[in-house]
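Please read all numbers here as calculations on a predicted model, not as lab measurements. Only this structure's heavy atoms are used, side chains among them; waters, hydrogens and symmetry mates stay out.
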Amino acid sequence: MSLFLTDAELQQFTGRRMKSKQIEWLKAEGIPFRRSATGHPVVTRATVEGRLEPAHLAQKPTSGWVPRVVGA
């Protein structure tokens with residue numbers, strides 16, 4: 001399985017065939033993407049599946065203490 005959506009998956013996800021319309025739809029929906037050298041939108045699979053960051057990074061510290069470096 002690829003890190004990025006394939007062209008076919010992107011067409012199915014957006015419901016659009018033209019790259020300009022896909023980009024328009026992604027912007028309207030607030031879905032982050034990049035453009036390839038050919039101008040096609042590139043969407044990571046993790047974005048679509050909702051895994052923007054690993055679960056252990058998303059957890060907040062349980063103690064009230066935070067190192068001074070973090071708050072700087």
Side-chain angles (χ1 to χ4, degrees):
M1 186 176 292
S2 172
L3 179 64
F4 303 104
L5 294 182
T6 65
D7 289 337
E9 289 172 327
L10 194 56
Q11 281 183 14
Q12 184 179 10
F13 181 62
T14 62
R16 309 289 192 270
R17 293 175 67 191
M18 294 175 47
K19 65 182 174 184
S20 61
K21 295 296 182 183
Q22 290 173 346
I23 290 170
E24 188 179 293
W25 188 88
L26 291 166
K27 284 181 179 179
E29 295 298 317
I31 297 171
F33 68 95
R34 298 280 190 208
R35 291 182 196 195
S36 69
T38 61
H40 287 83
V42 177
V43 179
T44 62
R45 191 168 301 282
T47 298
V48 174
E49 292 176 354
R51 295 178 304 180
L52 296 177
E53 60 183 71
H56 70 278
L57 294 177
Q59 295 175 354
K60 297 187 180 200
T62 54
S63 70
W65 179 81
V66 177
R68 206 174 342 164
V69 184
V70 173

Item checked: L10 side, atom CG; L26 side, atom CG - distance, nearest 0.5 Å -> 6.0 Å
Note to self: With salt bridge (Lys or Arg N to Asp or Glu O under 4.0 Å) as the rule and sequence neighbours excluded, what pairs involving residues 25-35 come up?
What the structure shows: none
Checklist line | Where at least one partner belongs to residues 4-24, residue pairs that pass ring pair (Phe, Tyr, Trp, His ring centres under 6.0 Å), sequence neighbours excluded | finding: F13-W25
Next item on the list: Scan residues 4-21 for pairs that pass side chain to side chain donor-acceptor pair (under 3.5 Å), counting only residues two or more places apart or in two chains.
Entry: T6-E9, E9-R45
Notebook entry, point to check: Hey, quick one: are F33 and V48 part of the same hydrophobic cluster, counting side-chain heavy atoms closer than 4.5 Å, chains of contacts allowed?
Noted result: yes
Next item on the list: Flag yes if I31 and L5 sit in one hydrophobic cluster, no otherwise; membership is Ile, Leu, Val, Met, Phe, Trp, Tyr, and two members link when side-chain heavy atoms are under 4.5 Å apart.
Entry: yes
Note to self: Tell me every residue that passes side chain to side chain donor-acceptor pair (under 3.5 Å) with E24, counting only those two or more places apart in sequence or in another chain.
What the structure shows: none
Checklist line | side chain to side chain donor-acceptor pair (under 3.5 Å) partners for T38, two or more places apart | finding: S36, H40
